[in-house]
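Input: a single structure, listed below in structure tokens.
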Amino acid sequence: MPLQYSPYDFDVHRDPYPYYARLRTEAPVYRNETDDFWALSRYADVLAALRDSDRFSSANGAIRMEPAFWGPQAEQMFSFVAMDPPRHTRLRGLVARAFTQHRVQGLESRLREIASGLLAPLLERGSFDMMADFAGPFPTEVVAELVGVPEQDREMLRKLGMEIMYNDEESTDLRPEAIQAIGALIGYYTELTIARSTDRRDDLLSGLLDASDGDDRLTPEEIVSVLILLVGAGIETTMLTLGNLWHTAWQHPDQRRRAFDGRIDAWIAESMRYEPSTQTTLRTATEPFELHGVSIPAGARMLLLLGSANRDPAVFADPDTFDLDRDTGASLVFGSGRHHCLGANLAQLELRVALQEIVAKVADYDIDPEGVRRIHASNNRGFAALPTTITAR
């Protein structure tokens, strides 16, 4: 059967890993004429591209190929993720001054309260949808807490966030309701930034307003773009990762038992390698080059297959096996180079706290395979529904 790969293909969404295996072997530089991209699937090639921001630019966007998100306007939605040096260096540097390890670690006790509060009614019921009832609301609440969104506005923000993150089951396109929700969110965060500029609090938004390098400060527009970025990078990715962790452990009962017996950090690390929520990232070739005998022109859209790199047998022995004893140090789940995920520490803390709170109260669980529903997205992998029944401790 001829090799065909597209990130829009629903069969790829069902199980991309056999496609990746063929790409690594048969076409390590794969050309898709219809969707207009070249895909890199081997670990060494993906890592080299991530670390070479001169030849592999992020300025047209790094997350979605759709026209609304691809091009110079990408930075409005994705902030410094869609920039190259020196603009990327400046903006990321200023954001990092506000998004400190101290600020993240200071959230831990509040994260436990949020997780425990969300879990209490679910444990009482004994059955729930992991995605709608916990994996979605938990990071939404965490980001609202981190940013400093007033309590009375959080329900509205939850609804807008879910409109943006909800994926149509019949399409990978962003729905009109999601576009409207993004506009409403930009409006809300603009007003909140103006209000907070005269009323500082102990939160990320105040930190972004105060962040400076000499006389250089973030503009209000730049701050709003960072807050919008947090919806995708801080909420959607964590939501999908929690669901993938839950589903993967369910599929592997022996490893699940070990995870529940204290191997939570290994559960997180190996799940994120084995079934990452972010499967692809984009770059633009700034000059023509040749790789594996294939000539690639300047301006080419380069699709870096992170999900494939993390299953490359040249780096990970027996990569299709889910193994909590594996050394996952080489995993590219948080990227590499200049664009290494700035929120990696927060994401890992969220996942650890959520799973610790669950494991402390849940002895085991089951998922109803009849009710499982996957999302359809060109870059993300995860679930829309995971109906769960738990056995309490």
Side-chain angles (χ1 to χ4, degrees), residues 29 37-40 43-66 68-101 103-104 193 204 207-234 237 278 280-291 296-306 309 330-347 379:
V29 180
F37 67 83
W38 280 258
L40 304 184
Y43 182 96
D45 297 331
V46 172
L47 178 63
L50 288 172
R51 291 184 173 177
D52 187 352
S53 55
D54 291 333
R55 286 204 308 160
F56 294 88
S57 167
S58 298
N60 286 318
I63 298 173
R64 299 179 74 120
M65 287 193 287
E66 288 81 355
F69 299 112
W70 181 259
Q73 73 277 11
E75 67 183 56
Q76 294 169 5
M77 273 292 292
F78 303 118
S79 186
F80 55 85
V81 172
M83 292 179 187
D84 293 326
R87 296 181 66 231
H88 170 268
T89 308
R90 171 193 166 265
L91 189 51
R92 181 178 168 123
L94 286 168
V95 173
R97 289 171 187 260
F99 202 73
T100 61
Q101 179 71 355
R103 190 182 299 281
V104 169
T193 300
L204 178 64
L208 291 169
L209 284 159
D210 289 335
S212 64
D213 182 5
D215 292 333
D216 188 21
R217 291 179 179 273
L218 295 166
T219 67
E221 292 78 16
E222 288 170 338
I223 289 172
V224 170
S225 76
V226 170
L227 299 181
I228 297 297
L229 173 65
L230 279 172
V231 175
T237 304
T278 302
T280 68
T281 189
L282 280 160
R283 296 293 188 268
T284 305
T286 59
E287 60 186 53
F289 67 99
E290 187 170 304
L291 182 63
I296 298 166
R301 291 202 291 189
M302 306 300 303
L303 193 65
L304 312 183
L305 303 181
L306 302 172
S331 169
L332 297 179
V333 72
F334 289 115
S336 187
R338 294 180 188 276
H339 287 276
H340 182 271
C341 178
L342 189 61
N345 288 330
L346 175 61
N379 61 304

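From a predicted model like this one, the values you see are computed outputs, not experimental measurements. Residue numbers count from 1 along this sequence.
- With sequence neighbours excluded, the residues forming a side chain to side chain contact (heavy atoms under 4.5 Å, CB included) with P85 are S53, H88, T89, R338, listed by chain and number.
- Partners of A330 by side chain to side chain contact (heavy atoms under 4.5 Å, CB included), not counting sequence neighbours, listed by chain and number: Y43, V315, F316.
- In this structure, the side chains of T280 and L304 stay at 4.5 Å or more apart for every pair of heavy atoms.
- Between W38 and L291 the shortest side-chain heavy-atom distance does not fall below 4.5 Å.
- Remark: L282 pairs with M65, W70, L303 by the side chain to side chain contact (heavy atoms under 4.5 Å, CB included) rule, at least two apart or across chains.
- You'll find the side chain of T281 reaches within 4.5 Å of the side chain of L50, heavy atoms only.
- Considering only heavy atoms from C-beta on, L306 comes within 4.5 Å of V46 through its side chain.
- Summarising the geometry, atom CG belonging to L332 is positioned 11.5 Å from atom CG belonging to L305; distances are rounded to the nearest 0.5 Å.
- The shortest side-chain heavy-atom distance between V333 and T278 does not fall under the 4.5 Å cut-off.
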Does the side-chain contact (heavy atoms from CB on, under 4.5 Å) test come out yes or no for L218 and V226, once each step is laid out? CA-CA 10 Å; L218 295 166; V226 170; 5.5 Å; no
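- Residues forming a side chain to side chain contact (heavy atoms under 4.5 Å, CB included) with P86 (at least two apart in sequence, or on another chain): none.
- G343 and F99 get closest at one heavy-atom pair: CA-CE2, 3.6 Å.
- Under the salt bridge (Lys or Arg N to Asp or Glu O under 4.0 Å) criterion, the residue pairs touching residues 217-228 are R90-E222, with sequence neighbours excluded.
- A donor-acceptor pair is defined here as one N or O able to donate and one able to accept, closer than 3.5 Å; such a pair exists between the side chain of T286 and the backbone of D54.
- Under the side-chain hydrogen bond (donor to acceptor under 3.5 Å, both in side chains) criterion, R103 pairs with no residue, sequence neighbours left out.
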Side-chain donor-acceptor pairs under 3.5 Å in residues 207-215, sequence neighbours left out?
residue: D210; atom: OD1; partner: R200; partner atom: NE; Å: 2.7
residue: D210; atom: OD1; partner: R200; partner atom: NH2; Å: 2.9
residue: D210; atom: OD2; partner: R200; partner atom: NE; Å: 3.4

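- Between N60 and P72 there is a side-chain heavy-atom pair separated by less than 4.5 Å.
- For S79, the side-chain hydrogen bond (donor to acceptor under 3.5 Å, both in side chains) partners two or more places apart in sequence, or in a different chain, are S225.
- Remark: F56 engages F289 in a ring pair (Phe, Tyr, Trp, His ring centres under 6.0 Å) (not counting sequence neighbours).
- In terms of the side-chain hydrogen bond (donor to acceptor under 3.5 Å, both in side chains) criterion, T193 has no residue partners (sequence neighbours excluded).
- Among residues two or more places apart in sequence or in another chain, the ring pair (Phe, Tyr, Trp, His ring centres under 6.0 Å) test is passed with F78 by F69.
- Minimum interatomic distance between C341 and R92 (heavy atoms only, all atoms of both residues): C-NH2, 4.4 Å.
- S58 pairs by the side-chain hydrogen bond (donor to acceptor under 3.5 Å, both in side chains) definition with R283, H339, not counting sequence neighbours.
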